[in-house]
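These notes are about the structure you will find just below.
All values below were derived from every heavy atom in this structure, side-chain atoms included, with hydrogens, water molecules and symmetry-related copies excluded. To find a chain, count down the sequence lines: A is the first, B the second, and so on, and within it residues start at 1.
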Amino acid sequence: MKPSIPKGTRDFGPAEMVKRNYIFDTIKVVFKKYGFLPIETPSMEQLSTLMGKYGEEGDKLIFKILNSGKYLDGVDETAYSNKDVKKLTVGIAEKALRYDLTVPFARFVVMHQNELSFPFRRYQIQPVWRADKPQKGRYREFYQCDADVIGSDSLLNELDLMELMNEVFSNLNLNVTLLINNRKVLAGIAEVLDASDKMIDITVAIDKLDKIGIDKVKEELRVKGLTEDAIEKLSPLLSFTGDTAEKVALLKSMLSNSEIGCKGIEEIEKLFDLTSGLNFSHLNIQLDLTLARGLNYYTGAIFEVKVNEPAINFAGSICGGGRYDDLTGIFGLKGMSGVGISFGADRIYDVLDELKLFPAEASQSTKVLMVNFGEVESNYALTILRKLRAHNIAAEIYPDPAKLKKQFAYADNRAIPYVVIAGSDEIANNTFVLKNMSSGEQKTISINDDFQTIFN
RNA sequence: GUGAUUGUAGCUCAGUUGGUUAGAGCGCCUGAUUGUGGUUCAGGAGGUCGAGGGUUCGAGCCCCUUCUUUCACCCCA
């Protein structure tokens, strides 16, 4: 049989893992530095935990797990004859692979509320799965690196996360743009347009402004059932250009009759106030009134990070997040506001790779290879091997007494810088030959010499 | 979910209007060199041409189905 892996999944070889770990390690170091604590949750959740949290589209993209055993027993006959997939699904699949880390985190907080002290700061680095069609920057299995604070509605948390983002991207040596908006403002806009139920449609359409232009946005709004009057009211926002202060001023005049809208403006102003005077070396922070974000659960500030480099032909976001006021409420714990961000490790990888920003890896693993001549010689080599390892020098022995040519070729392919040769002559003299593979230089060393210094 | 695109040796790819036994480079194996790799030279192995069906005297090439790759849309990290 021909081996293969499922669509949209990938294997990672050693060279890729070194680079991936560089990203994970960089992010993790900053997470810890900001006082976030690690947790992990299972790959699969109850399907009911996940459904309805990510919007209509999101529900479809959740990987469902078929029940074990007689899973057909759960089939609803009428749902089957009506080909009602949605209803059928919940009958035959009660588990699903996690779609993000935020919803499982909310579930975790509710289940473990008595063991946690709030505000709770957690970080979580795990894969998530989405049944998307793969394409550039889009995988069916990818890692998210999340940091969330739950149990506090202070904007200091938003500020903290912004500083954290700056530090991560600074450490990755990547210049990015941080787009900020506020869901309350979007809700306010929908309210004054008299279309509160269409907030998602409106924001999704506005979000495309850069891409498809003002006329197409209006057309989409019309298709979504917005009145001409409402579209007219929205117009100044769509055609608006100006700095943050001017944007805020526009919003204030537009949303003066919306309580939630005013609250949103206030939050934006306060957040920008908090950041003023701070040096965000790698974050270009912008208020973007067209930023929407599709996930249903956001209620306050929303973030999205895009790469600045024009050389990168990838427009998607590499990091995103926001505030969710009541994500735990669905699981029975009210009044737990949270805010978090999520770094998309796989997209960051693609960007760093394209920009050649991965540090020259000091990643050669094995430093010394012990040549194997046979049983007697390998026993002698093993004692040297153990001594090397005792000095924290990464070393291995070629396991078979293969031809020297082959053993050297192996060292060469693996980029192992030193080879130790110890045959009968060396054993008789309590020595070994150390060969430097790049220079070809060989020297004889006594097994009693100081191993720490022989590689310098 | 919609629309394109791709699949030939381990890898990267040639393969003409359908016509004998499907090729190259790299890699791999063996030897030149029995205790010395990265260079060189000589030789060798390796393919159900993604899978299934069809048209044809004859299919890697044409048609259908399906899977896969890459990309755009939708949506998203």
Exercise. Scan A:Gly374 against the nucleic acid and name what it touches under 4.0 Å (heavy atoms): base, sugar-phosphate only, or nothing.
Key: nothing
Quiz prompt | Same-atom distance (C1') from B:A59 to B:G43, integer angstrom | solution = 35 Å
Quiz item: Please give, in whole Å, the distance from B:G35 P to A:Ile427 CD1?
Solution: 15 Å
Quiz prompt | Over-ring placement of A:Lys387 relative to A:Phe451, 6.0 Å and 45° cut-offs | solution = yes
Practice problem: Could you tell me whether A:Ser342 contacts a base, only the sugar-phosphate backbone, or nothing, with contacts defined as non-hydrogen atoms closer than 4.0 Å? | Solution: nothing
Quiz item: Ring-on-base stacking between A:Phe142 and B:A77, under 5.5 Å between centres and under 30° between planes: is it there?
Solution: yes
Quiz prompt | side-chain hydrogen bond (donor to acceptor under 3.5 Å, both in side chains) partner of A:Asp346, the single match among A:Arg10, A:Arg138, A:Gln144 | solution = A:Arg10
Quiz item: What does A:Thr9 touch in the nucleic acid at a heavy-atom separation under 4.0 angstrom: a base, only the sugar-phosphate, or nothing?
Solution: nothing
Practice problem: Kindly point out which of B:G35, B:C29, B:C76 is positioned nearest to the side chain of A:Lys406? | Solution: B:C29
Self-check item: A:Lys133 side chain near B:C76 phosphate (N/O to OP1/OP2, under 4.0 Å)
Solution: no
Exercise. Please state whether the phosphate of B:C75, meaning OP1 or OP2, lies under 4.0 angstrom from any side-chain nitrogen or oxygen of A:Lys208.
Key: yes
Practice problem: Answer yes or no: does a side-chain N or O of A:Gln135 lie under 4.0 Å from OP1 or OP2 of B:A72? | Solution: yes
Quiz item: With sugar-phosphate meaning primed atoms plus P, OP1 and OP2, does A:Gln407 contact a base, only sugar-phosphate, or nothing at under 4.0 Å between heavy atoms?
Solution: nothing
Practice problem: Have a look at A:Gly440 and say if it touches a base, only the backbone sugar-phosphate, or nothing, with a 4.0 Å heavy-atom cut-off. | Solution: base
Exercise. Examine B:U68: is either OP1 or OP2 under 4.0 Å from a nitrogen or oxygen in the side chain of A:Lys7? Give yes or no.
Key: yes
